[in-house]
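Working notes for the structure below.
Bear in mind the structure is a predicted one, so any value in this text is a computation, not a measurement. A, B, ... follow the sequence lines: proteins, then strands. Residue 1 opens every chain.
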Amino acid sequence: MLTMIKAFFLATSLLLSASLVPAEESSTINIQNQQSHTRILAASCAACHGTQGNSVGITPTLAGLDKGYFVTQMLAFKRGERSPTVMHHHAKGLTEDEIQSLAVYFAQQPRVTHIAPKTEQLKESHGH
Amino acid sequence: MATNLLSDSEIDIQRRRILQATAFGAALLTANVGMARASKPPMGRVVIIGGGYAGTTAAKYIRMWSLGNIETVVIEPSSQFVSCPLSNLVLGGSKTIHDLTFGYSMVSKHHGIQWVKDSVVSVDTNAKRVRMSRGEISYDRLIVAPGIDVNYDRTPNLANAEAQTLIPHAWKAGWQTVNLRKQLEAMPDGGVFVLTVPKAPYRCPPGPYERVCQVASYFKQHKPRSKVVVLDANPEITSKKGLFNLAFTQTYAGIVDYRPNNELVSVDIPTKTVTTEFEQIKADVLNVIPPQLAGKVAQQMGLNNIDKRWCEVDFLTYASAIDPNIHVIGDSVSAGLPKSAHMATSQARVCAAAMVALMSGEQPDPLPVFANTCYSFIDDQQAIHVANVYRYDPAKKVMISAEGGGVSTAASAQEGQYAFAWANNIWSDVLT
């Protein structure tokens, strides 16, 4: 259920904050594209920052993060003003508009505790 | 079979969720967002062949992003998921294969994915039906995510299970990985481990070099008179070159002997002797990483149209160039993109979003952008990374690496911690 609600928060908030959408055409398709575009990009952060920004590791949780803080940190990485780890390689590849859209997206994700999958003994029958 | 593996109660839960979500959305929305579709029948059925990083991620995100309105079926012959990322650490001795082995029950239950443990026999693309060893299932759209197949055309004497017990590839994590570790443990100090690397492209570009570091790390601690000889078919280290070169020549000086432009020609199995274009060398433990191609199902379906190895796709939807109703994701895809787990999940999400759009009569994202981060362990604690953003180029119709990506300045334990966090997060994302 949480997932459903989150998706609708996202859908509605992106519609309401349509100023973020490049104003070429104000068609529904463009808004949907923008929503889908940001969601796909944000989802690729999951490998290090968890599903919808809820990390299970030492990497920061991005869900519910203040928009302004997110943008400030990402721009600092992008401009080389924050000591580099891995993030400068991502921040430099993103446009400022994408950073703004990601900030809005992650700020709206509720903080949830994700679980790690359980490890198992590899079965003898495993094929390779 | 497998037309409906959900119990009635699970279906009821899903129906309730959709109704609640619809009410919630309708109260706030006047525009047609095209997501809430409780009044309509489900949007159709997607069948996914393969439950690796790509296939499992696609299944989860199709369910999430369609709000449960796309019926999603995964066909996978293995009952367990074994992670290739971190599996080189089994060779180094700091992880066991059981630390990297998971079940599918959490992700399938949490997201209402129908999971079929079976092998695909054939696909009738006209009738849109998949025939398995124990039944058949129809689909509206099909995703093929079979990973890689290994190619022993050059060394046909290795193309059987008995030969691979003596000389494993260990390039799909599992019992071959365990076997190779046991051989390294049994090898006396002063022995020679020979690793052959195929020409790129292959699964996990830095993987062979990480493997060299892991074995060298084990030797340095436990068998310091032993050697690692790397016979690389490529003209140079294909990924993170400067960092691996530093590890080979400094961290593991006197242990690692790296020989580029040295392609495998033949193997004598009983003596574990490798012949390349330039030399012959006898190993105590031999690991031949064979050349690779798209997984077997993709081959059977004739989707591997690039060099008869890899599958050409439209990078907006991952629709096959051979049949636009079939989508291909993961390591089988032909692309100037690294064949990494993170990349497989990124492709899977673009494909999942496109699937939801196409099955709703909407346009897929015309300019997808995603990230890739890949860590390699130099020893049991220190890691290095390569990280890039990839952006769709509408003129060239390919994903292009954006400016600003790159590799670590040096190996560090901090990056090792990040690498473990990467593993925990990607496992949680894919498998729960």
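- In this structure, the portion of B:N372 lying under 4.5 Å from any heavy atom of chain A is its backbone and not its side chain.
- By number of non-hydrogen pairs under 4.5 angstrom with chain A, the leading residue of B:F370, B:F81, B:F102 is B:F102.
- Proximity to chain A is absent for every atom of B:A170, based on heavy atoms less than 4.5 angstrom apart.
- For the atom pair A:H128 NE2 and B:W175 CH2, the distance stands at 12.0 Å (nearest 0.5 Å).
- Of the residues considered (B:A419, B:S346, B:G103, B:G406), B:G406 shows the highest number of contacts with chain A, using heavy-atom pairs under 4.5 Å.
- Interface remark: of the candidates B:N424, B:V407, B:N179, B:V407 forms the most heavy-atom pairs closer than 4.5 Å to chain A.
- Of all the listed residues (A:L41, A:T59, A:T119, A:L94), the one sharing the greatest number of non-hydrogen pairs under 4.5 Å with chain B is A:T119.
- Interatomic distance, SG of A:C48 versus CG of B:D429, reported as 11.0 Å (0.5 Å rounding).
- Inter-residue side-chain proximity for A:I115 and B:M106 is flagged as met; some heavy-atom pair is nearer than 4.5 Å.
- The contact between B:P364 and chain A is made entirely by backbone atoms, counting heavy-atom distances below 4.5 Å.
- Heavy atoms only, all atoms of each residue included: A:G57 and B:A421 are closest at CA-CB, 4.2 Å.
- In this pair, B:H385 and A:H89 present their aromatic rings tilted. The plane angle is within the 30 to 60° band.
- When heavy atoms are compared at a cutoff of 4.5 Å, B:D99 approaches chain A solely by way of its backbone atoms N, CA, C and O.
- A pairwise comparison of heavy atoms in A:I58 and B:Y418 identifies CD1-CD2, 3.9 Å as the closest pair.
- The number of heavy-atom neighbours closer than 6.0 Å to CD of B:E403, taken from other residues, nucleotides and ligands shown, is 12 or below.
- Within the 4.5 angstrom heavy-atom criterion, no atom of B:Y104 approaches chain A.
- Contact annotation for A:A43: both backbone and side-chain heavy atoms come within less than 4.5 Å of a heavy atom of chain B.
- Across A:H88, A:H90, A:K92, A:K78, the residue that shares the most heavy-atom pairs under 4.5 angstrom with chain B is A:H90.
- B:Q80 places a side-chain N or O within donor-acceptor distance of the main-chain N or O of A:K123, the cut-off being under 3.5 Å.
- For the residue pair B:H342 and A:S44, the shortest heavy atom distance occurs at NE2-O, 2.8 Å.
- In this structure a side-chain-to-backbone donor-acceptor pair under 3.5 Å is present from A:H37 to B:L367.
- Counting all heavy atoms, side chain and backbone alike, A:H126 lies closest to B:A173 at NE2-O, 4.1 Å.
- The nearest pair of heavy atoms linking A:P117 to B:W427 is CG-O, 3.7 Å.
- Residue B:D365 holds its CG atom at 8.5 Å from OG1 of A:T38, rounded to the nearest 0.5 Å.
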Exercise for the section: Verify side-chain contact (heavy atoms from CB on, under 4.5 Å) between A:E98 and B:V389, making sure each step is shown before the conclusion. Expected result: CA-CA 12 Å; A:E98 283 164 347; B:V389 170; 5.7 Å; no
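- Pairing each heavy atom of B:R349 with each of A:A46, the nearest pair is NH2-CB, 4.0 Å.
- At a 4.5 Å heavy-atom cutoff, B:V356 makes no contact with chain A through either its backbone or its side chain.
- When atom types are taken as modelled, the side chain of B:T101 and the backbone of A:Q121 share no donor-acceptor pair closer than 3.5 angstrom.
- Counting only heavy atoms from C-beta outward, the side chains of A:R39 and B:M64 never approach each other to under 4.5 Å.
- Within the 4.5 angstrom heavy-atom criterion, only side-chain atoms of B:Y61, from C-beta onward, approach chain A.
- In this structure, chain A has a heavy atom under 4.5 Å from the side chain of B:T432, while its backbone stays farther away.
- Residues B:N425 and A:H49 are not in side-chain contact: their nearest non-hydrogen atoms beyond the backbone lie 4.5 Å or more apart.
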